[in-house]
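Positions are given from 1 along the sequence.
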Amino acid sequence: CLTYYYHMSTLNGDTLSVRKGESNGVIDEIDHVTSIPMNAWKQRQVSFNAIAPDYTVRSRKERNIIDSNRMSRSRSICK
């Protein structure tokens, strides 16, 4: 079981994905969160299975920022 905390704003288009990487090269998404209706820290728990004892868990947050003149996307990767 993985317990983690994340912060999301109320902006539309924010996404957070959590992935598990196995030593054999297999990568699985174990959780996915989209924008929440409040600007707050939240706790999540997700259960997952790992084949080997050495694996990595990584998260990626993407934010879509929409301006009247342009649209841009920024990414932050946490390890």
Student: Are more than 12 heavy atoms from other residues, nucleotides or ligands located less than 6.0 Å from atom CG of D54?
Tutor: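 Buried by this count: over 12 neighbours within 6.0 Å.
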Student: Is a donor on one side and an acceptor on the other found under 3.5 Å between the side chain of Q43 and the backbone of Y4?
Tutor: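 Not at all, since once roles are kept as given, no pair shorter than 3.5 Å links the two residues.
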Student: Hey, are Q45 and T3 close enough side-chain-wise for a donor-acceptor pair under 3.5 Å?
Tutor: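 On atom types as modelled, these side chains qualify, holding a pair under 3.5 Å.
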Student: Could you tell me the separation between the OH atom of Y55 and the CG atom of N24, rounded to the nearest 0.5 Å?
Tutor: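 Rounded to the nearest 0.5 Å, the OH-CG separation comes to 14.0 Å.
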Student: Would a hydrophobic clustering, with Ile, Leu, Val, Met, Phe, Trp and Tyr connected at side-chain separations under 4.5 Å, put V18 with F48?
Tutor: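 Result: yes, single cluster for both.
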Student: Specify the closest pair of heavy atoms between L16 and S59, including all atoms of both residues, with the distance to one decimal.
Tutor: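 Here L16 and S59 meet closest at CD1-CB, 4.1 Å.
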Student: Would a distance-only check, ignoring hydrogens and angles, find a side-chain to backbone donor-acceptor pair under 3.5 Å from K61 to Y6?
Tutor: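 Flag not set: sc K61 to bb Y6 has no pair under 3.5 Å.
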Student: Measure across E22 and I51 and return the closest heavy-atom pair with its distance rounded to 0.1 Å.
Tutor: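 In this case the closest contact between E22 and I51 is OE2-N, 3.0 Å.
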Student: Taking everything shown except L2 itself, do over 12 heavy atoms lie less than 6.0 Å from its CG?
Tutor: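 Counting other residues, nucleotides and ligands, CG of L2 exceeds 12 neighbours.
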Student: Among residues two or more places apart or on two chains, list those pairs meeting salt bridge (charged side-chain N to carboxylate O under 4.0 Å, His left out) that have a residue in residues 25-37.
Tutor: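 Applying salt bridge (charged side-chain N to carboxylate O under 4.0 Å, His left out) to every pair that reaches into residues 25-37, excluding sequence neighbours, yields K20-D28, D31-R44.
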Student: Specify the closest pair of heavy atoms between I30 and V46, including all atoms of both residues, with the distance to one decimal.
Tutor: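 Nearest pair, atom of I30 first, then V46: O-CG2, 3.0 Å.
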